[in-house]
Amino acid sequence: MSRNQPPRVAATEVPGPAQGDGGPDARRLRTILITVCIALMAVIASVSGLNVAQPDLAVEFGASQSTVLWIINLYTLTLAALLLPLGALGDRLGRKPTLIAGLAVFGIASALAGLAPSVEVMLAARLLSGVGAAMIMPITLAVITSTFPAEQRGRAIGVWTGVAGGGGILGMFLSAALVDVANWRYLFVLPVALVLLALAMSLRAIPDSREAPGHSFDTIGALTSVVAAAGLIFALQEGPERGWSDPATLTGLAAGLLAGAVFVVWELRLRDAALLDLRLFRERGLAGGSLTLLTVFGVQAGIFVVLFPFLQAVLGWSGLKSTLALMPMAVAMMAASGLAPRLTPRIGARATMATGILLAGAGLALMAGTVSVDGGYPSVVPGMLAMGLGMGLAMTPSTEAITGSLPPERQGVASALNDVTREFGTALGVALLGALLSAGYRSAIDGRLDGVPQGAADAAREGVANAVGAADGAGAGARALLDAARQSFVEGWQQAMWAGVAVMAVLFLYVLARGPKGPAPVPAPEAVTEPATEPAIEAAADPTADPEVLAAK
């Protein structure tokens, strides 16, 4: 651990009903893990759920495409901007009250969104949901790192990363099913139900740990981090839609970069009293883990940008069927997230991360090399499975490396940094790989529109979905237009995926050279005075396990 870290300050722990004089027992650990994963699932499902209801939102509110995108993106923008300051406040005010307050805010906001009578109310509800989510998400991981014994923490983090990685796909599937069989407003039933369940379990099971750092809260660092995150993510979200030279995009980018520069200078000046001690990035674990999560989540988001148009516009599948087609990737990711904590102690964090990155890069190369219109879905399944396995293996040790690099009194900040990295990676991936896909598509289709009516050809240049919509008015050229659009999309897909392969190759070499040297050095929090036995984590990872049987082992 870095010599520059502030002195360790013991956490104040309020014993729960199952804790007594020692650390949490197997039953308590299992309940804690299930509780934080349910809370996390509510947040993750709300990130992607509304994507499947864009046409319904436009019709319901008479909203433009730009307004619909704001309804979707305002939540992630608010979440990313507030993660660091609210994670730090959670460390000070207490993790249990912060989690409970966040669940209450998030649940009320989700219910308000489901009942929203106007677009203005909907936007306000989504902003409030982002505030609640920013209180919940970092605390869920901080509760794990401050409660689980050091030797068992990796497996619990593996379960958490599996939910964080695969939960978005599961949320999209459930959302698509609700939109198909009911109404878009029912999308908010799932997060409200999850919040109520998590709230009831949190009141009984979550221990109230809090820290007492010997310095005041870094208000300037908090404010500049909010402006930096909001400005940069706004620019990344709006750039592809408005154009990168649009005044709003440039203003967001300039504000984000300026605030980011002030944040860096201020945090380096405060040193140990900073919101985030930037000197810790000299450590292999924090730098390597953050860069890996940034890249892996960026590539995953880019894949979704490519896969959904392929399944819907090229193959003609419904939204529900398209989302179901992503489930094998989610299952592989969650399975590998559970395997990574068992592999890391044997071969080391660096080797586990490198293996995952190599597998993910191979999956991208498989998709780029085998995808075709005639091959359809089977042509991309092997690449999806390899990508899911690779991401699962890379995410868990990366998350451990980040949380293990910060001291116990900064676990809310460590968790928030982990989450901010994911959000930035997602925004970057959508912006960059989406731009490569669009550029490749337009370049490929220009030479394939001979004989197609001018209006239909102009529409086709905008995207494959536009081409499908314009085919009805293309007369005898409809078949040629569809073939040209679908083949051009595949070529754009390949261009984007090969770029992703190159990025993963660079990351692979970086991790080999600068990745964590061994298993992530997770600090043991003083709040837990007696480590639980090995069967405790087995019970936590397996909700069906009988604690009494495990205790007998």
Residue set satisfying side chain to side chain contact (heavy atoms under 4.5 Å, CB included) with Val105, at least two apart, ordered chain then number -> Leu128
Looking only at heavy atoms, which two atoms of Asp208 and Arg95 are closest? And how far apart?
OD1-N, 3.8 Å
For a 4.5 angstrom cut-off between non-hydrogen side-chain atoms, does Arg350 reach Arg514?
no
Contacts of Leu278 meeting side chain to side chain contact (heavy atoms under 4.5 Å, CB included) (sequence neighbours excluded), chain-then-number -> Phe263, Val264, Glu267, Leu268, Leu276, Phe281
Are the side chains of Arg126 and Thr78 in contact, using a 4.5 Å heavy-atom criterion?
no
For a side chain to side chain donor-acceptor pair (under 3.5 Å) with Thr399, tell me which candidate from Thr421, Thr161, Asn418 qualifies.
Asn418
Strictly distance-based, threshold 3.5 Å: is any side-chain N or O of Asp218 a donor or acceptor partner for the main-chain N or O of Ala274?
no
Is the backbone of Phe148 close enough, under 3.5 Å, to the side chain of Arg153 for a donor and an acceptor to pair up by distance?
yes
Within the side chain of Thr403, is there an N or O that forms a donor-acceptor pair under 3.5 Å with the backbone of Glu400?
yes
Grab the two heavy atoms, one from Ala340 and one from Leu393, that are nearest each other, plus how far apart they are.
CB-O, 3.9 Å
Got a donor-acceptor contact below 3.5 angstrom from the Thr76 side chain to the Asn73 backbone?
yes
What's the shortest heavy-atom distance between Ser337 and Thr396, and which atoms?
O-OG1, 3.3 Å
Tyr510 and Ile357, any side-chain heavy atoms less than 4.5 Å apart:
no
What verdict does the side-chain contact (heavy atoms from CB on, under 4.5 Å) test give for Leu83 and Met137, after you've listed the backbone C-alpha separation in whole Å, the side-chain angles of each residue and the deciding distance to 0.1 Å?
CA-CA 8 Å; Leu83 277 168; Met137 198 170 182; 4.3 Å; yes
Leu320: what forms a side chain to side chain contact (heavy atoms under 4.5 Å, CB included) with it, not counting sequence neighbours?
Phe173, Ala176, Ala177, Asp180, Ser318
Does the side chain of Thr145 pick up a donor-acceptor pair with the side chain of Gln411 at under 3.5 Å?
yes
Contact between Val195 and Ser110 at the side-chain level, heavy atoms closer than 4.5 Å - yes or no?
no
Would you please name every residue forming a ring pair (Phe, Tyr, Trp, His ring centres under 6.0 Å) with Trp493, sequence neighbours left out?
Phe310
What heavy-atom pair brings Ala164 and Arg422 nearest, and what distance separates the two atoms?
CB-NH1, 3.4 Å
Pairing residues for Ala351 by the side chain to side chain contact (heavy atoms under 4.5 Å, CB included) criterion, not counting sequence neighbours
Ile347
Does Phe297 have any ring pair (Phe, Tyr, Trp, His ring centres under 6.0 Å) partners at least two apart in sequence or in another chain, and if so, which?
none
Show your reasoning for whether side-chain contact (heavy atoms from CB on, under 4.5 Å) applies to Ile303 and Met384.
CA-CA 9 Å; Ile303 287 174; Met384 288 172 55; 5.8 Å; no
